[in-house]
Every structure is written in structure tokens, then in C-alpha cells.
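Heads up: the structure comes next, in C-alpha cells.
Predicted model only: the values in this text are computed from it and were never measured. These values consider heavy atoms only, across backbone and side chains, with no hydrogens, waters or symmetry-generated copies.
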Amino acid sequence: MTMKKKQDYQSDVFSGISSVFIAKGGIKTTGGTGTISEDSLQEFPVSDDGGFSWDTGSPSVNRFKIKGLNAAWTCTFTPGDGEIKLEIPCHETSILQTVYGTEGVDVNLTLPSGFTVGGKNAVKGKAFASTQKAVYLGMLVLNETEDKLLYIKKCKFMAQTMFDASQKPLCVVLTGDMVAGADSDAFGILEPAAE
């Protein structure tokens, strides 16, 4: 095997985000092979500035020192806590159903005389309980040149809806972590398969 130089790695960069796709329940694989059904995949709009972040967790270094030496005698590591965060600036019903793990309930309201919304004195839509419920989702993040996917097999998320009347619209923020971390195919960068 020949030694690789840094220039050899220049095409192996995952940068920018074009799209974020969610697979309800996670992405099921057997021996590293799986098929994602169209009805389980949903594209989520994600905020441009800080709308997606992921790390596998920074390990803690536990140093054991002895008297008379400045360096550690030995050290061990404690695995870090990873985190995935998505900010979704949208209140579309199917997104709320996915992230809250419930169908919601139909709500119809008749408004007082003189109070209109869009010229109507009645409104309707879906409403959701404000209790937080964990949901399991797989993720596919398409890079900006749309030639690579960040694949995360299964994550456990909780949703939080936020609106502070600032420059941002109402957002749903998903916070969670990988739950398939010990699987040999928990995450990866995938490229088009040769046909």
C-alpha cells in the first residue's frame, strides 16, 4: 500500500447541506444493506444558520498521575455524549405529526364577531399535546454538491416548538442522539453506487 498524501484526500470532503431527509422509525439494515420506502422518507426544511449540528461526543480523558512526574502515568477515556440538533422553521401538519409522534386532534374554533383571520371568523387545524415524547428517526443529509450523503441509521429525538417573535419564524427544534451507535453501520458518508 502506498502512502497517501493530503492532496489524495481533497475529494473526500463532506461540506454544506443541500437537503435533510428523515426516515420514520430509523433506517433498517441487515448486514449493511437496506431499502428505504418512499412513504417513510420525508424532506425537512432546515434553517440555514445553525439549523443542523451533529457530533458523536467528545471523550473525557481520565489521567492517573504519580508523584514526581509531570506527565500522566496512564490514562483512560470515558466516551462522550453526542448530540444531534435540527431547527425546522415550519409548522406543516405532517412534520408536526412526525416529530411529536402523534396524529394530533382536529380543532375548529368560531371566533367572536369582528375578529377574523384571513377574512373568516372561523379557524380549523391540528393541535398537539405539549407533552414531550421521544421519536425514532433515521437521517440522510445530502451535501451541497448533491454527490454524497451523511447517513445516520437511527436517532432518538425530542421536539420543542419555539417562537420568540424575533427574526425567526416559529420553529420546531429536534434534539437527540444516535441510538444505533454500537451498530457497525451506525453512520457513514455514502456515495453513488456503481451500476
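- When the side chains of ILVMFWY residues are joined at heavy-atom separations under 4.5 Å, either directly or via intervening members, L96 and F163 end up in two distinct hydrophobic clusters.
- In the hydrophobic clustering of ILVMFWY residues, with side-chain heavy atoms under 4.5 Å counting as a link, V117 and L109 come out together.
- Apart from M162 itself, the hydrophobic cluster it occupies contains V173, where clustering links Ile, Leu, Val, Met, Phe, Trp and Tyr at side-chain heavy-atom distances under 4.5 Å.
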Inset, instruction - For the pair T116 and L111, evaluate side chain to side chain contact (heavy atoms under 4.5 Å, CB included) and give the outcome as yes or no after the intermediate values. - result: CA-CA 7 Å; T116 63; L111 304 172; 5.9 Å; no
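- Among all heavy-atom pairs drawn from G16 and F14, the shortest one is O-CE2, 4.0 Å.
- The shortest heavy-atom contact between G25 and K154 is O-CE, 3.7 Å.
- Cluster note: I27 groups with F21, I36, L41, L140, L142, L149, Y151, L190 through ILVMFWY side-chain heavy atoms spaced under 4.5 Å, whether in direct contact or through intervening members.
- Looking at residues two or more places apart in sequence or on another chain, you find a ring-ring contact (aromatic ring centres under 6.0 Å, His included) between F187 and W54.
- The hydrophobic cluster analysis finds M158 isolated: no Ile, Leu, Val, Met, Phe, Trp or Tyr side chain comes under 4.5 Å of it, directly or through other members.
- Side-chain heavy atoms closer than 4.5 Å link hydrophobic residues (I, L, V, M, F, W, Y) into clusters, and following such links, even through other members, never connects V107 to Y100.
- The side chain to side chain donor-acceptor pair (under 3.5 Å) pairs that include a residue from residues 117-127 are D106-K126, where partners are two or more places apart or lie in different chains.
- Rounded to the nearest 0.5 angstrom, T175 OG1 and Q160 CD are separated by 6.5 Å.
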Inset, instruction - Could you go through the side chain to side chain contact (heavy atoms under 4.5 Å, CB included) check for L86 and M139 one step at a time? - result: CA-CA 11 Å; L86 288 168; M139 295 183 62; 4.0 Å; yes
Show me the side-chain donor-acceptor pairs of residues 57-73 shorter than 3.5 Å, one per line, residues at least two apart or across chains.
unit_1	atom_1	unit_2	atom_2	d
N62	ND2	T76	OG1	3.4
N62	ND2	T78	OG1	2.9

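- The closest side-chain donor-acceptor pair between T29 and K153 falls under 3.5 angstrom.
- When all heavy atoms of P45 and P89 are compared, the pair lying nearest together is O-CD, 3.5 Å.
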Inset, instruction - Evaluate the criterion side chain to side chain contact (heavy atoms under 4.5 Å, CB included) for residue pair T102 and F128; output intermediate values, then yes/no. - result: CA-CA 8 Å; T102 180; F128 299 86; 3.8 Å; yes
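- Applying the side-chain contact (heavy atoms from CB on, under 4.5 Å) test to S94 and every residue at least two apart in sequence or in another chain returns Q42, E92, Q97.
- If you take CG on D177 and OG1 on T56, they are separated by 9.0 Å, rounding to the nearest 0.5 Å.
- Listed by first and then second residue, the salt bridge (Lys or Arg N to Asp or Glu O under 4.0 Å) pairs that reach into residues 164-176 are E87-K168, sequence neighbours excluded.
- For residues 29-44, the set of pairs meeting the salt bridge (Lys or Arg N to Asp or Glu O under 4.0 Å) definition, not counting sequence neighbours, is empty.
- Residue D48 qualifies as open at atom CG: its count of foreign heavy atoms under 6.0 Å is 12 or below.
- Judged as a side chain to side chain donor-acceptor pair (under 3.5 Å), the pairs with a partner in residues 1-18 (not counting sequence neighbours) are, in order, S18-E146.
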Legend entry - I17/N143 under side chain to side chain contact (heavy atoms under 4.5 Å, CB included): CA gap, chis, key distance, verdict: CA-CA 4 Å; I17 295 175; N143 72 342; over 6 Å; no
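- Listed by first and then second residue, the salt bridge (Lys or Arg N to Asp or Glu O under 4.0 Å) pairs involving residues 76-85 amount to none (not counting sequence neighbours).
- By the 4.5 Å heavy-atom criterion applied to side chains, F77 and C75 are counted as neighbours.
- Residue I84 holds its CD1 atom at 4.0 Å from CD1 of I152, rounded to the nearest 0.5 Å.
- Contact detail for A159 and L174: the closest heavy-atom pair is CB-CD2, 3.7 Å.
- Residue V13 belongs to no hydrophobic cluster, having no ILVMFWY side-chain heavy atom closer than 4.5 Å to its own.
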